[in-house]
There are 2 protein chains.
Amino acid sequence: MSTAPNSQLLKGSLSVMILRLLEGRERMYGYEITQKVKELTAGEMTITEGALYPALHKLEAEGLLTTETQVVDGRARKYYSLTKTGQTEAVGRVAELTAFLDNLNLVLNLKPSL
Amino acid sequence: MSTAPNSQLLKGSLSVMILRLLEGRERMYGYEITQKVKELTAGEMTITEGALYPALHKLEAEGLLTTETQVVDGRARKYYSLTKTGQTEAVGRVAELTAFLDNLNLVLNLKPSL
DNA sequence: TTTAATACCTAAGAATTCTAGGTATATCCA
DNA sequence: TGGATATACCTAGAATTCTTAGGTATTAAA
């Protein structure tokens, strides 16, 4: 959710991040995703659970993710993995987002840094 | 609104685009903004009027834009310009968006193209 | 004369995120 | 022993933004 405190995640970017993170891994569980994003961005980006869990459930309902629950150290973890459809969709949605970001850069005229 | 037909504008990006476009110009009117975005993105990005006008009105209500109406060729145009506050905010919001996009790239791991 | 382009607007709904809770276990520290 | 923090899941309601789908009006082109 935040880069600056309280700034909002750009609409639609969360589900793409989830799909992309899972593209490079066998499986991840929700809490792990929040920690991975924090780690990758040096603490600058935080995924709220109020956004993450509904997003995961929606992707599962769409058939892009499957789950398996496992108890580790007395706590239940729900692991998510990409389905075959999910793998295809991940590629497509990343491409769509990339195209959008390219156009955004054309409008914003910010080539130097990105 | 679209890169692919019907895909959505990322939440929050529109107001930054407006502020950024006005940073480089004296003034612009609504319809001109829609055309400029289309031109800059070779027709790939279209701003819907249903999104644009409420966004302009909100920025004006926040004190970042001022307007002056003028009739040209028998049609009324409403020109928007940055206020002093708007100039400051434009810089800040572009920086915030840039920081967000940098972090998004870290998560998506897409450095090559952007 | 009808269509497309120019130029403004709004209302209702959809979608996503944030805020703010809730539950529960394990670990660390005082 | 007790409390705080970390781990791990969840949901409901509000806020925000965008899409869809209209509306009005003038000018230019077919």
Side-chain angles (χ1 to χ4, degrees), chain A residues 1-19 27-39 43 45-62 65 67-80 93 97 100 104, chain B residues 1-19 27-39 43 45-62 65 67-80 93 97 100 104:
Chain A
M1 61 140 137
S2 50
T3 284
N6 268 7
S7 79
Q8 332 189 61
L9 208 51
L10 263 60
K11 184 180 183 174
S13 56
L14 178 56
S15 57
V16 181
M17 283 193 271
I18 292 170
L19 294 173
R27 58 183 200 170
M28 296 183 87
Y29 55 99
Y31 187 77
E32 185 185 7
I33 293 176
T34 67
Q35 299 310 299
K36 193 69 191 170
V37 168
K38 218 180 263 179
E39 178 200 322
M45 192 149 88
T46 303
I47 305 297
T48 61
E49 301 188 337
L52 177 67
Y53 290 113
L56 286 170
H57 300 160
K58 196 188 178 205
L59 290 171
E60 189 185 2
E62 290 171 345
L65 302 181
T67 63
E68 41 179 336
T69 299
Q70 208 170 310
V71 176
V72 179
D73 286 332
R75 273 184 293 254
R77 281 183 189 170
K78 201 163 158 188
Y79 285 97
Y80 289 86
R93 293 203 194 181
L97 180 56
F100 174 81
L104 184 58
Chain B
M1 63 143 136
S2 51
T3 284
N6 268 7
S7 79
Q8 332 188 61
L9 206 54
L10 264 59
K11 185 180 182 174
S13 56
L14 177 57
S15 57
V16 181
M17 282 193 272
I18 293 170
L19 293 174
R27 58 184 200 170
M28 296 183 87
Y29 56 99
Y31 186 77
E32 184 184 7
I33 293 176
T34 67
Q35 299 310 299
K36 193 69 191 170
V37 168
K38 218 180 263 177
E39 178 199 321
M45 192 150 88
T46 304
I47 304 297
T48 61
E49 300 188 339
L52 177 67
Y53 290 114
L56 285 171
H57 299 160
K58 196 186 178 208
L59 291 171
E60 188 185 3
E62 290 171 344
L65 302 182
T67 63
E68 42 179 335
T69 299
Q70 208 169 310
V71 176
V72 179
D73 286 331
R75 273 184 292 255
R77 281 183 188 171
K78 201 162 157 188
Y79 284 98
Y80 289 86
R93 294 204 194 181
L97 180 58
F100 174 81
L104 184 58

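Keep in mind that what you see is a predicted model, and the values were worked out from it rather than measured. Residue numbers begin at 1 in each chain, while the letters A, B, ... track the order of the sequences.
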**Item:** Partner set under salt bridge (charged side-chain N to carboxylate O under 4.0 Å, His left out) for Lys38(A), not counting sequence neighbours
**Value:** none

**Prompt:** Where each residue is assigned the nucleotide of DNA chain C containing its nearest heavy atom, which of Lys58(A) and Val72(B) is assigned the position nearer the 5′ end?
**Reply:** Val72(B)

**Item:** Between dT7(D) (C1') and Glu39(A) (CD): distance, integer Å
**Value:** 16 Å

**Nearest-Å distance for atom pair CD1/P, residues Ile47(B) and dC18(D)** = 9 Å

**Prompt:** Looking at CE of Met45(B) and CG of Leu14(B), how far apart are the two atoms once the value is rounded to the nearest 0.5 Å?
**Reply:** 8.5 Å

**Complete:** Across all chains, not counting sequence neighbours, the side chain to side chain contact (heavy atoms under 4.5 Å, CB included) partners of Arg27(B) are Glu68(B), Gln70(B), Tyr79(B), Ser81(B)

**Prompt:** Side-chain N or O of Thr48(A) less than 4.0 angstrom from OP1 or OP2 on dT17(C)?
**Reply:** no

**Asked** With nearest nucleotides of DNA chain D determined for Ala76(A) and Ala55(B) from heavy-atom distances, which residue corresponds to the more 5′ nucleotide?
**Response** Ala76(A)

**Request:** Nearest 0.5 Å please: distance from the OH atom of Tyr31(A) over to the CD1 atom of Ile47(A).
**Result:** 14.0 Å

**Message:** Can you pull out the residues from residues 29-38 of chain B that lie within a 4.0 Å heavy-atom distance of DNA chain C?
**Reply:** Tyr29(B), Gly30(B), Tyr31(B)

**Any Lys78(B) side-chain nitrogen or oxygen under 4.0 Å from OP1 or OP2 of dC9(C)** = yes

**Prompt:** Nearest-Å distance, CD (Glu62(A)) to C1' (dA15(C))?
**Reply:** 11 Å

**Asked** Counting only side-chain N and O atoms of Tyr53(A), is one of them less than 4.0 Å from OP1 or OP2 of dC10(D)?
**Response** no

**Asked** In whole angstroms, how far is the P atom of dC9(D) from the CD atom of Gln70(A)?
**Response** 12 Å

**Message:** So for Lys11(B) and dT16(D), does any side-chain atom that can act as donor or acceptor lie under 3.5 Å from a complementary atom in the base?
**Reply:** yes

**Side-chain N,O (His57(B)) to OP1/OP2 (dC8(C)) below 4.0 Å** = no

**Request:** May I have the distance from Tyr80(B) (atom OH) to dC8(C) (atom P), rounded to whole angstrom?
**Result:** 8 Å

**Whole-Å distance separating the CG atom of Leu104(A) from the P atom of dC18(D)** = 12 Å

**Asked** Are the side chains of Gln35(A) and Glu32(A) in touch, meaning some heavy atoms are under 4.5 Å apart?
**Response** no

Throw together a table of side-chain donor-acceptor distances under 3.5 angstrom for residues 51-59 of chain A, partners on residues two or more places apart or in other chains.
unit_1   : atom_1 : unit_2   : atom_2 : d
His57(A) : ND1    : Tyr53(A) : O      : 3.2

Identify each atom pair where a protein N or O and an N or O of nucleotides 20-25 of chain C are less than 3.5 Å apart, giving names and distance.
unit_1  : atom_1 : unit_2   : atom_2 : d
dT25(C) : O2     : Arg75(A) : NH1    : 2.6

**Request:** Nearest whole angstrom, please: distance from the P of dA8(D) to the CZ of Arg27(A).
**Result:** 12 Å

**Asked** Which residues pass the side-chain hydrogen bond (donor to acceptor under 3.5 Å, both in side chains) test with Glu49(A), sequence neighbours left out?
**Response** none

**Message:** If I take atom CD1 in residue Ile18(B) and atom C1' in nucleotide dC18(D), what distance separates them, rounded to the nearest angstrom?
**Reply:** 12 Å

